[in-house]
Amino acid sequence: MNNKLPECVVVNGIEYRIVTVNEIDNDPLVNGTIYFDKQLIHIKSSLATQRKKQVLMHEIMHALFYESGIEETEESVDILSRISFSAKVRESSGNCSLMRI
C-alpha cells in the first residue's frame with residue numbers, strides 16, 4: 001500500500017498540484033481545500049494517511065464538478081468522494097497513470 005499522496009492530479013486536462021500543509025486558511029478544523037484559480041489542493045499534514053487520501057478524493061470531486069461546469073453541493077461531493085476510489089495522478093517519475101489513492 002502506498003502511503004504517500006500523489007504530487008498532482010489531472011482533471012479534465014487541468015493539472016492540480018497537491019501539497020500538504022500544517023494549517024489551512026488559519027482554521028484548525030479544516031482538513032483540505034482546493035484553490036481553483038491556482039490549480040492547487042491543500043491537505044492537512046497532521047492527518048493519518050488514510051484520512052489524507054479521503055480528504056484528497058473529496059477535493060478531487062470538487063475539481064471534477066468545477067472543471068466540468070456542473071453546479072455542486074457539499075452533499076453531492078461527499079457522496080461521490082465516498083464511493084470513488086481512483087483518479088489520474090502524476091507520480092514522482094513524471095508519468096500520469098490510473099492509480100488508486
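For reference, positions follow the sequence shown, starting with 1.
- In this structure, Glu23 and Pro28 have side chains that are in contact, with non-hydrogen atoms separated by less than 4.5 Å.
- The number of heavy atoms from other shown groups lying within 6.0 Å of CG (Asp37) is above 12.
- None of His42, His62, His58, Lys44 except one satisfies the side chain to side chain contact (heavy atoms under 4.5 Å, CB included) rule with Thr33; the exception is His42.
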message: Run Tyr16 and Glu67 through side-chain hydrogen bond (donor to acceptor under 3.5 Å, both in side chains) and show every step you take.
response: CA-CA 11 Å; Tyr16 283 82; Glu67 297 300 342; 2.4 Å; yes
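- Both Phe36 and Phe65 are part of a single hydrophobic cluster, where members link through side-chain heavy atoms under 4.5 Å apart.
- When the side-chain hydrogen bond (donor to acceptor under 3.5 Å, both in side chains) test is applied to Gln39, no partner is found at least two apart in sequence or on another chain.
- Leu56 places a side-chain heavy atom less than 4.5 Å from the side chain of Pro6.
- The cluster map of Ile, Leu, Val, Met, Phe, Trp and Tyr, joined by side-chain heavy atoms under 4.5 Å apart, puts Leu47 and Val77 in the same cluster.
- Here the CZ atom belonging to Arg17 is positioned 10.0 Å from the SG atom belonging to Cys8, to the nearest 0.5 angstrom.
- Cluster partners of Ile79: none. The rule joins Ile, Leu, Val, Met, Phe, Trp and Tyr whenever side-chain heavy atoms lie under 4.5 Å apart, and it links nothing here.
- Leu29 and Ile43 fall into different hydrophobic clusters, where Ile, Leu, Val, Met, Phe, Trp and Tyr residues are linked whenever their side-chain heavy atoms come under 4.5 Å apart, directly or through other members.
- Of the candidates Ile34, Val19, Ile18, Leu40 forms a side chain to side chain contact (heavy atoms under 4.5 Å, CB included) with just one, namely Val19.
- The structure places CG of Asp78 at 11.0 Å from CE of Met61, a figure rounded to the nearest 0.5 Å.
- By the rule that hydrophobic residues join a cluster once side-chain heavy atoms approach within less than 4.5 Å of another member, Tyr35 and Tyr66 end up as members of separate clusters.
- Within a 6.0 Å sphere centred on CD of Glu74, other residues, nucleotides and ligands contribute more than 12 heavy atoms.
- The two atoms that bring Asn22 and Ser45 nearest to each other are OD1-OG, 3.3 Å, heavy atoms only.
- Between Asn31 atom CG and Glu59 atom CD the span is 9.5 Å, to the nearest 0.5 Å.
- Here the CD1-CD1 distance, from Ile60 to Ile41, works out to 5.5 Å after rounding to the nearest 0.5 Å.
- In this structure, CZ on Arg51 lies 11.5 Å from OG on Ser46, to the nearest 0.5 angstrom.
- Scanning all heavy atoms of the two residues, the minimum distance from Val30 to Gly32 falls at CG1-O, 3.4 Å.
- In this structure, CD1 on Ile70 lies 9.0 Å from CG on Leu64, to the nearest 0.5 angstrom.
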